[in-house]
Asker: 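I'd like to ask you about the structure that follows.
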Amino acid sequence: MSRRAWCCLTLVLTLTGCEQGIQPAEPTPRPSPSPTQEQPQGATLRWAVQEPTGIVPSVVVDDTALLIVDTLFDSLTQVTADGTVLPSAAVAWDAFEQGRRWRFTLRDGARYHDGTPVKAQDFANAWSMTVDQGRTGAHLQDVVGYRSLRAGQAKTLAGVRAIDELTLEVELRAPNMELPAIVAHPSLGPVPPRAVERAARFTERPVGNGPYAMAEPWAHGQFIRVVRAEGWRNGQRRRARDRVREIVFRIIDVDAAYVGFQQGRIDVAPVPPGALAQARRVYGMGRDGVGPGVIEAPELSLYFLGMRIDTPPWDDPAVRRALSRAIDRHAITDANSDRQIDAADGLVPPSL
């Protein structure tokens, strides 16, 4: 079993940022992965990504989906690189009953990109949708009613209630003082009421409450374009909003993305396996997670070998133990030395 602990490697030529508003800027006349004409209001950032599984909160299961959903939607809180929990869609929160019950106060006046007010009930509906679809709702497993909803015995999360338009109450099965950090996850963003009525259209061009808005429908296999919308005020990223008017997420494989970066057609690209040493030498290292240069950051990932423990011979603990001991973890990490993969010595990454 091997664990990749330090492998989020990205090249950045332009300062990346997310800042935006409620009314999206004028969309591109026709779908195109090319930048629109440069405007004084800010530049175009071209970001190479893989095809996401989806771009709405309830289906976030991969890195690209996390990135794009976090751009389009704001959850209740946000977490900084050092683990500090800051306000986002919620401006305050309070714990009751030693952390078993929480109340989040939403930002007054916040709106979705189409101008619809963001309400506490939107979060309650979105969370129930996320758990019901069974893809990303594990973050809410301690919420009262989670098991019943997953089992199909209920239609909503009993422990999530809108006290009024700006107050969301969350009841847990047991105290958990980490809830404010948990609800920062992109999969726990809100969805407007009409999202349920227009599900097919919403999944292709979602309307969120985050720093950037969809400029046009998702061009599968090609690109996703987002633009900032003047009026967004859920965070403290003004400088980034001023500098980046639109982001074009180019859906492209890793090797082609790196070539595009070298040719100046891509601003942010992953470093292919085996190219890290060359990238460091040519572009240098970024600082504190910011470019230009190679950005290296810890990735909280664990790679493991799984098996059906109800099927012979894997139902025998001795067989599983023998297989575990037969794996040369250090040989695996040595073969990937340029990506700083560590041999696992536990069930979670060290930084976690």
Side-chain angles (χ1 to χ4, degrees), residues 1-13 16 47-53 60-67 70 79-83 136 138-139 178 181-182 185-187 251-262 266 268-309 311 313-352:
M1 180 166 65
S2 65
R3 176 180 56 227
R4 184 173 64 179
W6 302 84
C7 63
C8 181
L9 309 174
T10 307
L11 290 176
V12 184
L13 283 181
T16 64
W47 196 317
V49 298
Q50 301 292 299
E51 180 86 15
T53 53
V60 175
V61 295
D62 61 85
D63 291 342
T64 301
L66 281 167
L67 170 64
D70 196 36
V79 180
T80 64
D82 64 2
T136 60
H139 303 287
E178 297 295 326
I182 293 173
H185 196 272
S187 68
I251 300 172
I252 187 172
D253 68 70
V254 174
D255 292 325
Y258 188 53
V259 172
F261 176 85
Q262 293 173 307
I266 297 290
V268 184
V271 181
L276 179 56
Q278 184 246 12
R280 287 170 172 164
R281 183 177 62 257
V282 175
Y283 301 107
M285 299 298 298
R287 295 183 178 180
D288 300 324
V290 177
V294 178
I295 306 300
E296 294 187 68
E299 180 174 305
L300 306 183
S301 296
L302 181 71
Y303 287 75
F304 62 93
L305 178 65
M307 58 205 71
R308 289 284 302 267
I309 63 173
T311 303
W314 313 117
D315 57 344
D316 185 345
V319 173
R320 299 199 298 270
R321 189 175 299 112
L323 177 62
S324 177
R325 292 178 176 177
I327 296 175
D328 190 339
R329 293 162 173 77
H330 293 288
I332 296 175
T333 59
D334 291 344
N336 294 274
S337 57
D338 67 329
R339 303 185 70 186
Q340 296 180 275
I341 299 176
D342 295 337
D345 56 10
L347 294 178
V348 296
S351 50
L352 192 62

Asker: Can you give me the closest heavy-atom contact between I252 and A48, atom names plus distance?
Answerer: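 The answer is CG2-CB, 3.7 Å.
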Asker: Within the side chain of R329, is there an N or O that forms a donor-acceptor pair under 3.5 Å with the backbone of A343?
Answerer: no
Asker: How far apart are the closest heavy atoms of V79 and A181, and which atoms are they?
Answerer: CG2-O, 4.0 Å
Asker: Does any part of the side chain of L305, heavy atoms only, come nearer than 4.5 Å to the side chain of L323, both counted from C-beta?
Answerer: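 Yes, side chains in contact.
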Asker: With a 4.5 Å heavy-atom cut-off, do F261 and V268 have their side chains touching?
Answerer: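 Heavy-atom side-chain distance check fails, nothing below 4.5 Å.
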Asker: Rounded to the nearest 0.5 Å, how far does CG of D316 lie from CZ of R321?
Answerer: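 It is 8.5 Å, given to the nearest 0.5 Å.
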Asker: How far apart are the C-alpha atoms of D70 and V60, what are their side-chain angles, what is the distance that settles it, and do they pass the side-chain contact (heavy atoms from CB on, under 4.5 Å) test?
Answerer: CA-CA 10 Å; D70 196 36; V60 175; over 6 Å; no
Asker: Determine whether the side chains of Q278 and Y258 contain a donor N or O and an acceptor N or O closer than 3.5 Å.
Answerer: yes
Asker: If every non-hydrogen atom of V254 is compared with every non-hydrogen atom of P272, which pair is closest and at what distance?
Answerer: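 Residues V254 and P272, closest heavy atoms: CG1-CA, 3.6 Å.
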Asker: Show the nearest heavy-atom pair for residues P270 and A257, with the distance to one decimal.
Answerer: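 Heavy atoms of P270 and A257 come nearest at CD-CB, 4.2 Å.
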Asker: Counting only heavy atoms not in I309, do more than 12 fall under 6.0 Å of its CD1?
Answerer: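 Incorrect, the count does not exceed 12.
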Asker: Would you name the heavy atoms of M307 and W314 that are closest together and state the gap between them?
Answerer: SD-CE3, 3.5 Å
Asker: Kindly compute the distance separating OG (S187) from CG (L66), expressed to the nearest 0.5 Å.
Answerer: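 If we round to the nearest 0.5 Å, S187:OG and L66:CG are 8.0 Å apart.
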Asker: Quick one: pull up CZ in R280 and CE in M285 and give me the separation to the nearest 0.5 Å.
Answerer: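 Result: 5.5 Å between the selected atoms.
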Asker: Determine whether D63 and V49 satisfy the following criterion, side-chain contact (heavy atoms from CB on, under 4.5 Å), listing intermediate values before the conclusion.
Answerer: CA-CA 9 Å; D63 291 342; V49 298; over 6 Å; no
Asker: Has the side chain of T64 got a donor or acceptor atom that lies under 3.5 Å from a matching backbone atom of Q50?
Answerer: yes
Asker: Kindly write out the residues that satisfy side chain to side chain donor-acceptor pair (under 3.5 Å) with D62, not counting sequence neighbours, or none if the list is empty.
Answerer: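 Scan of D62 (side chain to side chain donor-acceptor pair (under 3.5 Å), adjacent residues dropped) gives T53.
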